[in-house]
Amino acid sequence: MESRYAPQGVEARWRKVWEEHRLYRSQPDERAAYTIVMPPPNVTGVLHMGHVLNNTLQDIIARFYRLKGYNVCWVPGTDHASIATEAKVVARLRAQGIDKRALGREAFLEEAWKWTHEHGGIIVEQLKTLGISADWDRFRFTLDPPLYRAVMRSFVRLYQDGLIYRGKRMIHWDPVALTALSDEEVIYKERESILCYVRYPAENGEYLVIATVRPETILADVAVAVHPADERYQHWIGRRVRVPLTDRFVPVIADEKVDPTFGTGCLKVTPAHDPGDYEIGERHRLPIIDIFTPEAYLNEHAGVYAGLTREEARQRIISDLERLGFLEKTEPYRHSVGHSERTDAVVEPRISEQWFVKMKPLADLALRAVKTGEVRLIPERFLATYRHWLENVKDWCISRQLWWGHRIPAWYAPDGQVFVAATEEEARAAAKAAGYDPNSLRQDEDVLDTWFSSWLWPLSVFDFFEDPNNVDFRYYYPTQTLVTAPEILFFWVARMIMAGYYFAGKKPFSTVYLHGIVRDKQRRKMSKSLGNSPDPLELIRNYGADAVRMGIVMSAPAGNDLLFDETLCEQGKNFCNKLWNSFRLIHLWREKAVDEPPSDFHLEAYQWFEHILNLLQAEVEQLIQAYRFYEAAHLLYRVIWEQFCSWYLEALKPVPARSLLEKVESQAERLLQLLHPLMPYITEELWHQLKGAPETSSISLSSLPSSTGSGKEIDWNLLDAVQLAQTAISQIRRLQQAFSISEVQEIYTLAYQVAFFPTLRRWIEHFLGKKLEKVSSSPTGRSLRVVVRSTGAPSYFLERAVLHQEIFFLQAELPNQKWEELVHSLQKEKLHAESFLEKLRAKLLNPDFIQKAPPEVIEKERKKLKDTEERLRLLTEQLEALNSG
RNA sequence: GGGAACUUAGCUCAGGGGUUUAGAGCGCCUGCCUUACAAGCAGGAGGUCGGUGGUUCGAUUCCACCAGUUCCCACCA
């Protein structure tokens with residue numbers, strides 16, 4: 001074995017072996033299933049830190065439950081990402097001077113498939129380098145024929161059930177992608193704009209003043225509205241005012257919707273370009289003037305402004321208003337402006353005919369699921385936002401004016417009659433039955449929102465829509481855990497829950513684990529434009545996948561955003577190296593071990609570590625089951641580094657007896673198993689080296705012995721004794737360093753913990769090279785005394801606070817100056833102890849405390865008092881001895 | 001405007017009504033190339049637990065208010 005762990009070769013080799021032997025393939029069998037569906041990344045996407053986090057966490061779960069004996073099935077896949085992919089293909093074509101529309105639908109789709117095949121494999125290959133244990137045989141793409149059919153069938157069913165309808169509504173329009181968007185695809189951002197106060201003159205020369213941030217839409221005004229109860233404007237209701245810059249007169253109307261406290265209390269009504277105005281327009285049967293082209297340029301209805309962009313028109317109109325005396329004043333104004341999630345274009349409210357899903361009945365299903373606890377959200381605080389969203393959800397606009405995606409299964413007869421069917425044949429048959437010419441049908445041009453296929457994912461990957469009774473579906477569904485980011489709680493998670501109940505009558509998963517967003521050290525979201533997102537592949541090359549996994553898991557605890565710092569990968573790499581070298585030591589021992597009975601000390605150390613391991617396993621299992629990966633990683637890190645390497649292996653030096661070594665190796669194996677979910681590659685490698693197992697076997701398929709828990713089997717006395725010994729050894733070393741003691745001559749103790757004495761003696765002798773001796777009374781004259789206090793057993797395991805206090809004396813030569821330093825430090829310690837004693841006494845003299853505090857607490861305080869008095873007595877004694885010496 | 005969360009060591013965070021007067025990792029300081037590992041070993045320094053009140057025998061921990069930070073939702077032009 002090399003003295004440095006080189007992950008690159010090891011990882012590449014095992015990745016290949018795992019894949020070739022299809023190690024993570026799952027088939028239904030008699031074991032309990034543990035199913036995870038991977039949130040499918042965009043097919044043409046590139047791996048970023050969010051994917052690393054998301055998939056590492058899923059892999060930890062998958063590998064853990066596999067070790068626990070479950071039949072783990074982790075279904076990977078990719079999403080066709082309708083709008084994102086189409087935007088990329090359009091851009092590529094444009095770069096070649098080709099216009100999408102000119103190319104035509106068929107040819108465009110060919111281009112899109114070409115692009116998908118070129119780029120679609122990349123992210124999958126990148127994911128594989130992470131070492132994730134998905135079942136690649138089950139890989140699915142949302143446009144695969146069975147999944148395509150699933151979308152068609154679900155659409156038809158919802159349509160037949162009256163939950164899908166087509167209608168003319170005001171929707172969010174993306175003027176760059178030229179498509180409708182759902183509410184969730186609109187991101188609101190605070191923007192600085194100008195609030196213009198514009199005069200709308202009446203025939204008699206009076207005028208109303210209206211505040212607006214969108215003066216360019218003045219040209220589309222069809223009314224001015226005031227609140228019906230607004231005293232100021234009573235006499236205006238029913239009169240007419242002229243729309244500035246035009247010669248149109250529009251009525252002044254009264255509508256409850258107007259907020260009399262905003263601006264001047266007068267609202268210009270522009271039904272074509274504002275959702276609120278649209279409602280008012282409907283109520284008052286106002287005409288609609290649309291002044292924008294789909295690209296959000298002003299159109300012919302905008303007169304002289306036609307051809308300008310929204311922004312240009314705004315500038316021009318403001319200056320024209322001013323020039324013509326319509327502009328009363330302007331003031332800066334901050335408000336939020338909707339942007340397209342994909343293109344970042346400012347969305348334009350637009351009236352158009354779209355397909356919608358009626359959400360209310362579906363939302364009720366999803367609400368019930370979390371209220372009854374059938375579906376659990378972790379962390380729980382997301383419950384509030386989840387509920388709020390579902391309780392206020394509006395209908396879901398699912399049609400997109402795009403080509404890349406699932407084409408809406410609706411066919412129109414020349415007279416507009418709609419036939420919704422899963423296939424063209426069925427639509428034709430239906431048309432024929434209704435007396436139409438089947439050949440006259442024309443399919444809807446639009447495709448469906450990407451999320452309309454995603455919400456079926458847990459169902460469709462198991463071919464529910466092909467055959468609801470198929471073996472896989474019955475075995476794997478519902479799945480257990482969904483791991484995803486809170487950003488898509490509404491987009492995806494809530495809708496999957498709806499779809500699961502609606503189509504299959506069952507929840508899609510039991511638990512949703514929502515992890516944070518990966519940010520940089522300055523808390524900025526990682527993004528390409530900021531250039532603050534490290535390339536995961538680069539990280540994997542530099543540190544190894546295990547190190548990157550460990551690094552990202554150790555970044556932050558559950559639920560919080562995590563601040564990624566590359567030094568964590570380095571820490572992970574160092575940890576790999578540490579682990580690697582600990583196994584290297586075990587290997588060296590194999591050659592050197594002799595056939596002798598093990599020493600009492602080694603036997604005791606072995607027993608002790610066995611208990612540590614049992615505690616570790618119980619706690620790691622509990623933590624992973626509770627989705628506390630960060631804590632599990634930290635615990636393993638510390639126990640392996642401190643207890644296993646620094647104490648246990650050191651204790652077994654120079655070499656344990658052969659019979660003991662075998663037992664030590666099986667402990668080491670258990671450590672590897674516990675660590676395996678976090679760091680699959682190195683543990684696989686070390687496991688094979690340890691076991692000499694054939695390539696086809698794998699630590700991931702080994703079985704973890706069941707945890708003994710932290711019950712009676714644990715020898716707390718031994719753990720406490722060793723902990724006390726460790727603390728004593730550290731303290732004595734500290735004194736040696738602090739006072740530059742080259743050699744400790746003797747170590748004595750007044751051992752009133754008689755039971756611990758043999759353990760203390762063995763450990764101190766091994767680590768300090770001196771035999772611990774018992775003395776009956778404190779030595780006089782110059783000696784170092786140290787009070788060792790230990791809370792008993794490593795603190796990271798338990799709340800148990802068994803406090804032990806032990807006093808040791810060291811006989812050593814010190815130069816005079818050092819004795820003075822010692823006196824000084826002891827005096828400081830004495831003062832400290834005295835003030836503490838004061839506090840304790842006061843507390844114990846307080847009658848309220850004695851009366852009201854629970855007896856255990858009073859007992860504890862008394863023990864503290866006694867110990868502190870003892871410490872103080874010793875300090876005084878020692879100071880006297882030093883002064884006289 | 002509504003909702004949620006956070007504020008503990010230089011940084012990132014655990015913790016929890018009484019834990020010998022607060023824990024970890026990283027960073028920092030000191031001494032070591034000790035034959036598994038310098039990607040290492042052995043030690044160390046560093047915090048009046050955001051502020052103010054309240055509840056309590058006792059609060060960093062519970063409550064209220066204040067200040068600051070962050071996120072989500074919302075058509076107020």
Between the side chain of [X] and the main-chain N/O of [Y], is any donor-acceptor distance below 3.5 Å?
X        : Y        : value
A:His273 : A:Thr217 : no
A:Asn581 : A:Asn577 : yes
A:Thr212 : A:Arg214 : yes

Rounded to whole Å, please give me the gap between [atom1] in [X] and [atom2] in [N].
X        : N     : atom1 : atom2 : answer
A:Asp565 : B:G25 : CG    : C1'   : 12 Å
A:Lys864 : B:G58 : NZ    : P     : 16 Å
A:Glu829 : B:U21 : CD    : C1'   : 14 Å
A:Arg638 : B:A24 : CZ    : P     : 6 Å
A:Phe739 : B:G44 : CZ    : P     : 12 Å
A:Leu865 : B:U21 : CG    : P     : 14 Å
A:Asn846 : B:C57 : CG    : P     : 10 Å
A:Lys852 : B:U56 : NZ    : C1'   : 8 Å

Just to be sure I understand the rule, does [X] reach a base, reach only the sugar-phosphate, or reach nothing, if contact means heavy atoms closer than 4.0 Å?
X        : result
A:Gln736 : nothing
A:His587 : nothing
A:Pro854 : base
A:Ala384 : nothing

Out of curiosity, A:Leu588 CG to A:Phe583 CZ, how far, rounded to the nearest 0.5 Å?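 Here the rounded value is 13.5 Å.
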Say we look at [N] and [M]: how far apart would their [atom1] atoms be, to the nearest angstrom?
N     : M     : atom1 : answer
B:C13 : B:G31 : C1'   : 30 Å
B:U19 : B:A64 : P     : 25 Å
B:C75 : B:A5  : C1'   : 27 Å
B:U7  : B:G47 : C1'   : 14 Å
B:A45 : B:G25 : P     : 15 Å
B:C63 : B:U56 : P     : 16 Å
B:C49 : B:U21 : P     : 16 Å
B:C26 : B:C41 : P     : 10 Å

Options B:G18, B:C26, B:G25, nucleotide nearest the side-chain atoms of A:Thr567: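 Given the options B:G18, B:C26, B:G25, the side chain of A:Thr567 is closest to B:C26.
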Among B:G43, B:A14, B:C71, which nucleotide has an atom closest to any side-chain atom of A:Arg519?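 The closest nucleotide is B:C71.
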Report, as yes or no, whether the 6.0 Å neighbourhood of atom CD on A:Glu192 holds more than 12 heavy atoms from other residues, nucleotides or ligands.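 For A:Glu192, atom CD is crowded (more than 12 foreign heavy atoms under 6.0 Å).
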With centres under 5.5 Å and planes under 30°, do A:Phe849 and B:C57 count as stacked?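 Ring-base stacking flag not set for A:Phe849 and B:C57.
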Salt bridge flag under 4.0 Å for residues [X] and [Y]:
X        : Y        : answer
A:Glu331 : A:Lys329 : yes
A:Lys866 : A:Glu869 : no
A:Asp230 : A:Arg232 : yes

Could you give all pairs that pass the salt bridge (charged side-chain N to carboxylate O under 4.0 Å, His left out) test and reach residues 843-857 of chain A, with sequence neighbours left out?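 Counting only pairs at least two positions apart or across chains, the salt bridge (charged side-chain N to carboxylate O under 4.0 Å, His left out) contacts touching residues 843-857 of chain A are A:Lys843-A:Glu861.
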Where at least one partner belongs to residues 566-592 of chain A, residue pairs that pass salt bridge (charged side-chain N to carboxylate O under 4.0 Å, His left out), sequence neighbours excluded: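 Residue pairs with at least one partner in residues 566-592 of chain A: A:Arg590-A:Glu665.
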Find every protein N or O atom lying less than 3.5 Å from an N or O atom of nucleotides 73-77 of chain B, and list the pairs.
unit_1	atom_1	unit_2	atom_2	d
B:C75	OP1	A:Lys394	NZ	3.3
B:C75	N3	A:Lys257	NZ	3.1
B:C75	N4	A:Lys257	NZ	2.8
B:C76	O2	A:Asp259	OD2	2.9
B:C76	N3	A:Asp259	OD2	2.5
B:A77	OP2	A:Tyr333	OH	2.6
B:A77	O2'	A:Ala211	O	3.3
B:A77	N6	A:Asp259	O	2.6
B:A77	N6	A:Phe262	O	3.2
B:A77	N1	A:Asp259	N	3.2

Please determine if a side-chain N or O atom of [X] lies less than 4.0 Å away from the OP1 or OP2 oxygen of [N].
X        : N     : answer
A:Tyr630 : B:U12 : no
A:Arg381 : B:A5  : no
A:Arg789 : B:U19 : no

Flag the pair A:Phe836 / A:His832 as yes when their ring centroid distance falls below 6.0 Å, and as no otherwise.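 Here the rings of A:His832 and A:Phe836 have centres that are no less than 6.0 Å from each other.
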Would you check if there is a donor-acceptor pair between the side chains of A:Asp255 and A:His227 at a distance under 3.5 Å? no
Residue from A:Arg310, A:Lys268, A:Arg314 passing salt bridge (charged side-chain N to carboxylate O under 4.0 Å, His left out) with A:Glu216: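 Filter result, single survivor: A:Arg314.
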Among all residues two or more places apart in sequence or in another chain, which pass the ring pair (Phe, Tyr, Trp, His ring centres under 6.0 Å) test with A:Tyr681?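 By the ring pair (Phe, Tyr, Trp, His ring centres under 6.0 Å) rule, A:Tyr681 matches A:Trp18.
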What string of B, S and - do you get for nucleotides 29-40 of chain B 5' to 3' if you count protein non-hydrogen atoms under 4.0 Å? -------BB-BS
If each of A:Ile850 and A:Leu831 is mapped to the nucleotide of RNA chain B with the nearest heavy atom, which maps nearer the 5' terminus, i.e. the 5' end? A:Leu831
Would the base of B:U21 count as contacting A:Ser835 through its side chain, where contact means a donor and an acceptor less than 3.5 Å apart?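 Yes.
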As a check on the pairing definition, encode RNA chain B in dot-bracket form, counting Watson-Crick and G-U wobble pairs whose two distances are under 3.5 Å, and using | for partners outside this strand. (((((((..((((....[....)))).(((((.......))))).....(((((..]....))))))))))))....
